[in-house]
Q: 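Dumping the structure here so I can ask a few things about it.
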Amino acid sequence: MRLSQFHLATVKEIPADAEIASHRLMLRAGMIRKLASGLYTWSPLGLRVLRKVENIVREEMNRAGAIEMLMPSVQPRELWDETGRWQKFGGQLLKIKDRKQQEFCYGPTHEEVITDFARNELKSYKQLPVNFYQIQTKFRDEIRPRFGVMRAREFLMKDAYSFHLGAESLAETYAAMYQAYTRIFTRLGLRFRAVQADTGAIGGNASHEFQVLADSGEDAIAFSDGSDYAANIEKAEALAPAHERPAAAAALQRVDTPTQKTIAEVADFLLVSPRQCVKTLLVRGRDGLVALCLRGDHEINAVKAGKLAELPDESVLAGEEEILAATGTRPGFIGPVGLPDAIPVIVDRDAAALADFVCGGNADGSHYTGANWLRDARISRIADLRNVVEGDLSPDGKGVLHLARGIEVGHVFQLGQTYAEAMKATVVDDQGQSRVMAMGCYGIGVSRIVAAAIEQRHDDAGILWPDAMAPWRVVVCVINPKNIPAVGKAAEALYQWLLRQGVEALLDDRGLRPGGMFADMELIGIPHRVVVSERGLAAGTLEYRARQETESRSISQDDLLALLR
RNA sequence: CGGGGUAUAGCUCAGUCUGGUAGAGCGUUGCGUUUGGGACGCAAAAGUCGGGGGUUCGAAUCCCUCUGCCCCGACCA
């Protein structure tokens, strides 16, 4: 590509609304332009990168035996009523009406449409297993879109759906998709981890997220240094402590803590470690308030709490007035000692192993010291309630856990029969019996990968694309061709030669001064740069610099080709 | 949905407190000089000051109202 014939639109100003590196750099490089909140136009430059990602995803899906198709982005309400998701999906579902007042949604995902397709197309077990996929625009009406295309409302997604006669076949395709995803992110040149994920409200047997590692990631992941265990922190199990609960040694004693409400304040005031305190959260259960007790230095895990039988899927902290009515005190002074019998006390494994602990006194301005389970406070049940922390033992017993941040770019999921059952998607088996199919679904956020890659790989000058994602592999920069025609000719010849060698080359023939040219090429992250100038012509070699190097070096054309292969 | 902020040239912003009829930098256009890390000079184009209503002789500025956008939180996955 000759840059003079392309539309490159870089900007020097740092966009005011962009908070994270990838968003800033995509705007500055002119890859995207915002149309409205969460809606972005992909410029020619941005689209080149997006297509690179898309093509790798497509190649690996095909290699893994999946079959590409394309479904409509607008979907009729009737299908969503069959699965109950017209209501359940909530505000993220963009609902629209046509001129006849018929209701539709803009598809946030395609389980309903593919299951409808499958129940019409698939009649026999002989057609199974089969794995359909598409690469298509999705719309989710996010409450708060942010970070550019990282969390946009409209985005490009690869979604695949597999159909099976039984769980065993599903597990096989699931494993194949896991391998395909591993190949995709490896080819893209990203540092990533596959982590166990919570299966959420849908249930199902297995689920893994593929997380690109980046400090700015919105997800926390835990991984072991002694095995390949890795999990989203929502899912990572906190093992029970190895030691038994020590015997009670201290007497229960009420102490005044007139203004100390938080664990940190109480621990400071009483000169104890937060580890020796118990914090008590009152949440709205299915049947009245429920107390959740954690060690003072630990944090509640909302997903784990949601799985408790006593709590709804999404638990909500009780309001101050509810708490006052139930316990006679306010948040900050609640504790398990002397709570009304009607309130179940669910205790985290680590909190349950404490003895002689500090906890709220259930009276304004007071706490207890020397509190002990069973002697002073009930335990209705012991459960894993907390987020794992750095240094916890790995749940598989090998090594200890470390924490990292990640950007979720892929998710594989064994759905089981939930959708097929709701929509009566059946095939006839080898006994002539009608059987509900099992399903898997496998998503990749194609547009999000572009942002995630930048988040992981950038410097002060701009983007550091992995070779596989770069809009071009190499740029030929021409210095002052207007006054020195031989330079222009040499650059043109080099550019043509690169094209003949099958290299995706860019010729910067815009006639800019060197500073502006170099700055642009570094901003848009071209991995390799060759400069053609009067100075270089005299030397007879090429002046080469890799994007991440700080010094140029002289190389031959053959050397250059070797670097590009 | 709650809280906070913001809206002025293509972009980034000043001007609003204290009302007097529109500014800068970057970008764009033309001419000239320049050409190894975002050059310089001269000239030029470009804004219903987010929309509507009100106060006033006069509103970007004061008041009311609507809307967009951003941030924090809740929510969602």
Side-chain angles (χ1 to χ4, degrees), chain A residues 8-20 23-24 27-30 33-40 85 88-94 108-109 111 138-148 150-153 155 157 159 197-202 207 209 211 217-219 232-235 302-303 306 312-317 319 406-411 413 441 443 445 448 460-462 477-485 487-488 491 508 510-524 529-539 543 545 550-552:
Chain A
L8 185 69
T10 58
V11 289
K12 271 192 266 187
E13 307 267 2
I14 296 171
D17 290 341
E19 295 286 312
I20 62 170
H23 190 196
R24 277 198 299 271
L27 288 170
R28 283 197 53 213
R33 298 286 184 222
K34 186 171 75 175
L35 181 64
S37 178
L39 301 178
Y40 290 87
R85 291 210 294 180
K88 262 192 301 192
F89 210 89
Q92 276 197 65
L93 189 65
L94 179 66
T109 178
E111 281 84 5
K138 298 280 187 280
F139 190 98
R140 295 182 187 175
D141 198 0
E142 295 282 348
I143 294 171
R144 189 145 88 86
R146 59 186 130 173
F147 305 147
M150 187 77 83
R151 181 179 288 274
R153 292 195 291 176
F155 58 98
M157 181 174 180
D159 47 326
D198 180 56
T199 48
I202 304 168
S207 174
E209 292 166 350
Q211 298 269 356
E218 293 190 274
D219 288 345
N232 191 305
I233 199 162
E234 291 179 343
K235 165 95 175 174
V303 171
D313 293 343
E314 297 136 22
S315 42
V316 179
L317 282 174
I407 300 165
E408 184 188 346
V409 290
H411 200 156
F413 211 117
C441 74
R448 179 181 279 186
D460 290 344
C477 291
V478 200
I479 294 180
N480 199 11
K482 200 169 112 190
N483 293 328
I484 306 160
V487 166
D508 192 345
R510 294 175 298 171
L512 293 192
R513 298 163 62 88
M517 188 160 44
F518 297 158
D520 272 351
M521 293 305 105
E522 283 158 16
L523 175 59
I524 70 172
R529 182 183 86 191
V530 179
V531 177
V532 178
S533 67
E534 188 176 24
R535 198 162 85 190
L537 278 188
E543 179 181 332
R545 182 165 147 186
T550 52
E551 296 292 330
S552 297

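Each chain gets a letter, A, B and so on, in the order its sequence line appears, and its residues count up from 1. As a basis for the values below, the full set of heavy atoms in this structure was taken, side chains included, without hydrogen atoms, waters or symmetry mates.
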Q: Quick check on RNA chain B: between A/M517 and A/K34, whose nearest nucleotide comes earlier from the 5' end?
A: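 Looking at the nearest nucleotide for each, A/M517 comes out on the 5' side.
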
Q: In whole Å, I'd like the distance from the CZ atom of A/R510 to the P atom of B/rA39.
A: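 Value for this atom pair: 12 Å.
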
Q: Could you tell me the separation between the CE atom of A/M150 and the CD atom of A/E19, rounded to the nearest 0.5 Å?
A: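 The CE atom of A/M150 sits 13.0 Å away from the CD atom of A/E19.
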
Q: With P as the reference atom in both, quote the distance from B/rA59 to B/rG20 in angstrom, rounded to an integer.
A: 11 Å

Q: Show me the protein contacts with nucleotides 22-30 of chain B, counting only N or O atoms at under 3.5 Å.
A:
from, atom 1, to, atom 2, distance (Å)
B/rG25, N2, A/E13, OE2, 2.7

Q: In Watson-Crick or G-U wobble terms, both distances under 3.5 Å, what is the partner of B/rC26?
A: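 B/rG10 is the nucleotide pairing with B/rC26.
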
Q: Atom NE2 of A/H23 and atom C1' of B/rC71: how far apart are they, to the nearest Å?
A: 13 Å

Q: Using nucleotides 33-35 of chain B, report all nitrogen or oxygen pairs with the protein that are shorter than 3.5 Å.
A:
from, atom 1, to, atom 2, distance (Å)
B/rU34, O2, A/R513, NH1, 2.7
B/rU35, O2', A/N480, ND2, 3.2

Q: With sequence neighbours excluded, what pairs up with A/F89 under the ring pair (Phe, Tyr, Trp, His ring centres under 6.0 Å) test?
A: A/W80

Q: Nearest whole Å is fine: how far is B/rA77 P from A/Q211 CD?
A: 17 Å

Q: Taking the P atom in each of B/rU16 and B/rA60, what is the distance between them to the nearest angstrom?
A: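 About 14 Å, rounded to a whole number of Å.
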
Q: Could you check how far CZ of A/R144 sits from P of B/rG5, rounded to whole Å?
A: 16 Å

